[in-house]
Amino acid sequence: MSSHLGVIRKLRIPIVALLLASFACVRIASAQAPEDASEVEVEIDVERVLLHATKLTVDIGSRPANSSAANEASLYIQGQLGALGLEVERQEVGTQVMPAIDLGALFQSKAHSFTTSDANLVVHLAPKGRAKDKPILFMAHYDSVPGSPGVVDNAISVGLLLELARVLKANPPARPTILAWTAAEENGLMGARALANEYGEEVGLAVALDLIGSSGDLTLNGLSSLIHERWLLWLAEVSAQAKVDVRAPWTHRAVSRLLPEIERADHGPFTAMGTPAIHLYHRSDAAIYLPYHTRHDTMAEADLDSIRDAAKTISMMCYTRFAMPTEGDSPGVWLPLPGGAKVTSSTAVQVVLVVFLLVAIVGMINLSRAAKAEPRVVVQGRRLGLGSAVLIYVLSWGITGLGLKILLATDHALPWVHAPGRVLAASTLMAAAIGYILAAQAARFGTWVGDARYLMPAIAYTSFVGFFMLAFGLFELAWIVLLPSAAFGAVAGSKKVTGSLIALFLAALPLLGPLNPSFLREMVAHNFWVSSLPLVAYVGLFLMPYALALVFLARRYSIEMPRGRIAMGVCLALVAVSCVLLGSYTAPCTGEQYRLEGLSCEIGR
């Protein structure tokens with residue numbers, strides 16, 4: 001083993017050098033912004049934004065396309081702009097076609113057309129002096145779904161653009177700016193489709209404001225492959241100047257890059273025709289805005305601080321003196337670090353991930369040689385090895401899944417989605433206890449042998465998945481499996497229990513992402529959860545390499561498995577506790593309520 005550890009020692013200097021070179025590529029936007037980075041310091045009147053939202057949602061009410069209320073809303077917007085002395089273009093939307101989308105079990109939508117008598121309202125604001133940038137376009141749809149007042153979706157955004165128009169009229173922007181209030185968004189982005197057909201090639205960046213004004217972080221969505229590293233740097237510089245902490249979740253970015261056709265806000269048609277476009281929204285503290293498309297989307301949901309952050313950000317997009325980028329190819333990575341947005345090149349991230357992969361490969365080589373060197377021990381009874389461990393693991397989760405089906409028996413398609421943390425904890429506890437019982441009983445009829453063979457598949461599994469994520473360009477997400485693979489490789493070369501446990505702890509950190517209850521609810525809310533996938537299968541696939549790593553450590557350090565009555569009693573008690581946690585849980589919504597309202601059925605229940 002010492003010769004194999006020597007391989008790691010020889011690689012220490014180049015590995016550290018690569019890591020340092022990668023982190024040196026990080027660009028800190030706040031450090032780059034000069035003091036006079038914006039033309040003029042302005043502030044949008046948030047109270048006036050709320051007055052506009054109140055007019056649209058309380059006085060006018062729900063504003064579905066082709067309704068008298070939608071027409072009244074457009075006349076109100078036009079009147080407010082006319083009072084500012086601005087010339088308003090009424091762009092007829094007419095008939096627009098939404099193309100078919102077929103992503104198999106994940107998402108399907110048939111092609112359909114929609115005709116509306118509602119019009120887009122467009123205002124052009126010229127810059128002060130001569131500007132080199134192409135125009136920046138801001139959009140906010142003024143319609144709502146039937147029955148919903150539509151405050152966060154999307155009256156606050158409408159009010160924000162009205163007040164931005166007031167500010168830009170008094171203080172001309174640093175670049176040509178187009179403001180558009182779009183029609184029939186809720187019917188398939190119809191207004192935005194008409195807008196993109198006319199202005200798509202003209203604008204440098206299209207910004208959709210939708211779901212602005214709830215609690216939570218201001219979030220960038222729709223970061224397709226058109227939003228490359230230089231665009232990320234520009235956006236990071238804008239957020240730094242505005243002194244607003246803007247988020248850009250890696251999962252959102254990966255989806256927008258791989259599946260731009262499923263974008264569901266007004267930036268989508270611009271992205272489809274090759275124009276850089278983004279979507280700004282508030283993600284909500286729980287990652288989901290529950291009142292979305294319901295009668296509960298009222299003025300009570302408006303958050304002044306959130307509106308103020310959005311106002312500062314879009315104002316700075318108009319006034320920043322940083323030129324908007326025109327070229328770039330590297331995707332770049334938005335880093336969620338304290339103190340503001342940091343951007344690094346995707347190459348730097350890929351270098352780090354390749355280093356993780358190399359560490360994992362060295363660990364595999366060490367384990368392979370160690371496995372060959374293991375003496376064949378003569379045992380009584382059956383030899384229990386990797387196959388037996390995997391079988392027990394699958395059985396334990398299978399039994400747990402059956403238990404969940406019985407204990408959560410209901411007409412609800414996904415009863416766990418209302419309390420994923422509780423169900424995750426109970427099911428993991430149950431599977432672990434059942435697995436221990438099965439392993440202890442198996443030891444009565446045979447002998448567990450070997451150690452290296454248990455960790456090898458854990459490294460191979462995580463490395464294989466990580467490699468293909470890198471191959472498909474999912475470098476922001478590949479660390480979720482490549483960091484554990486590197487940690488498992490480090491475990492393979494460690495001679496001390498402490499070092500191994502530290503490596504396992506690091507390996508477990510990425511689980512805070514895919515197994516986060518809020519993330520699971522968000523996946524379901526946005527239709528990225530395949531309804532036929534059992535929760536236990538999803539969790540079991542993520543935890544399998546960690547279970548094998550624990551078995552490896554137990555075997556390597558000769559940790560005996562207690563098999564007496566006390567140990568079995570503790571395991572049975574844990575199963576009982578899990579059953580109580582699951583059996584006493586009642587979903588707040590019936591299956592029919594969930595089918596009709598989604599997660600919004602939880603409101604008031």
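Treat the numbers as computed from the prediction; the structure is a model and nothing was measured.
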Between CG of L429 and CD1 of I434, what distance do you get to the nearest 0.5 Å? 10.0 Å

Counting C-beta onward and ignoring hydrogens, is there a side-chain heavy-atom pair between H282 and D303 closer than 4.5 Å? no

Pair R422-S584, side-chain donor/acceptor within less than 3.5 Å: yes

Side-chain (N221) to main-chain (H279) donor-acceptor, under 3.5 angstrom: no

Around atom CZ of F467, are there more than 12 heavy atoms from other residues, nucleotides or ligands closer than 6.0 Å? no

May I ask you to test the W334-L235 pair for a side-chain heavy-atom distance under 4.5 Å? yes

Donor-acceptor pair, Y585 side chain versus P415 backbone, under 3.5 Å? yes

At what distance, to the nearest 0.5 angstrom, does CZ of F356 lie from OG1 of T462? 12.0 Å

Any donor-acceptor pair under 3.5 Å from S306 side chain to S214 backbone: yes

Donor-acceptor check, side chain of T219 to backbone of D217, threshold 3.5 angstrom: yes or no? yes

Say whether, by atom type as modelled, one donor and one acceptor occur between the side chain of R555 and the main chain of R453 under 3.5 angstrom. no

Using distance alone, with no hydrogens and no angle criterion, decide if D285 and S215 have a side-chain donor and acceptor under 3.5 Å apart. yes

For the student: nearest non-hydrogen atoms of A492 and L367, plus distance: CB-CG, 3.7 Å

Do other residues, nucleotides or ligands put more than 12 heavy atoms under 6.0 Å from the CG atom of L512? yes

What is the distance from atom CH2 of W529 to atom CG of L520, rounded to the nearest 0.5 Å? 6.0 Å

Looking at every non-hydrogen atom in both residues, tell me the closest pair between P276 and I227 and how far apart they are. CB-CD1, 3.8 Å

To the nearest 0.5 angstrom, please state how far the OH atom of Y461 sits from the CE atom of M544. 5.0 Å

Is there a side-chain contact between L438 and L391, using heavy atoms and a 4.5 Å cut-off? no

Nearest heavy atoms of L226 and W231, plus distance in Å: O-CD1, 3.5 Å

N516 side chain to S518 backbone, donor-acceptor under 3.5 Å: yes

Check for me whether R264 meets the cation-pi criterion with Y281, that is, NZ or CZ under 6.0 Å from the six-membered ring centre and within 45 degrees of the ring axis. no

Please state whether the rings of F488 and Y546 are parallel, tilted or perpendicular, taking 30° and 60° as the class boundaries. perpendicular

Under the criterion side-chain hydrogen bond (donor to acceptor under 3.5 Å, both in side chains), I'd like the reasoning laid out for E263 against S256: C-alpha separation, chi angles, the key distance, then a yes or no. CA-CA 7 Å; E263 297 290 359; S256 294; 2.7 Å; yes

Under 4.5 Å between any side-chain heavy atoms of V246 and V238, yes or no? no

Walk me through it: do L504 and L550 pass the test side-chain contact (heavy atoms from CB on, under 4.5 Å)? CA-CA 9 Å; L504 273 185; L550 288 173; 3.8 Å; yes

D245: partners by salt bridge (charged side-chain N to carboxylate O under 4.0 Å, His left out), with sequence neighbours left out: R247

Quick check: do Y538 and L515 have side-chain heavy atoms less than 4.5 Å from each other? yes

Does L482 reach the side chain of V352, with side-chain heavy atoms less than 4.5 Å apart? no

Counting C-beta onward and ignoring hydrogens, is there a side-chain heavy-atom pair between Y292 and V152 closer than 4.5 Å? no

Just how far is it from atom OG of S600 to atom OH of Y594, taken to the nearest 0.5 Å? 10.0 Å

Could you check whether any side-chain heavy atom of E229 comes within less than 4.5 Å of a side-chain heavy atom of V343, counting everything from C-beta outward? yes

Least distance between heavy atoms, S224 atom then R253 atom: O-NH2, 4.3 Å

Verify side-chain contact (heavy atoms from CB on, under 4.5 Å) between T586 and T410, making sure each step is shown before the conclusion. CA-CA 9 Å; T586 302; T410 176; over 6 Å; no

Once rounded to the nearest 0.5 Å, what's the spacing between atom CG of L280 and atom CG of L211? 11.5 Å

R595: which residues meet the salt bridge (charged side-chain N to carboxylate O under 4.0 Å, His left out) condition with it, sequence neighbours left out? E592

Please walk me through it: do H418 and L599 pass side-chain contact (heavy atoms from CB on, under 4.5 Å)? CA-CA 8 Å; H418 303 291; L599 287 173; 4.1 Å; yes

A quick test of your reading: do over 12 heavy atoms of other residues, nucleotides or ligands sit less than 6.0 Å from CZ of F472? no

When you measure from the side chain of S463 to the backbone N and O of A460, does any donor-acceptor pair fall under 3.5 Å? no

At their closest point, which heavy atom of S427 faces which heavy atom of T400, and how far apart are they? O-CG2, 3.5 Å

For F528 and V255, run side-chain contact (heavy atoms from CB on, under 4.5 Å): C-alpha distance rounded to whole Å, both residues' side-chain angles, the deciding distance at 0.1 Å, then the answer. CA-CA 10 Å; F528 284 107; V255 171; 3.7 Å; yes

Scanning both residues in full, the closest heavy-atom pair of A341 with S239 reads CB-OG, 4.0 Å

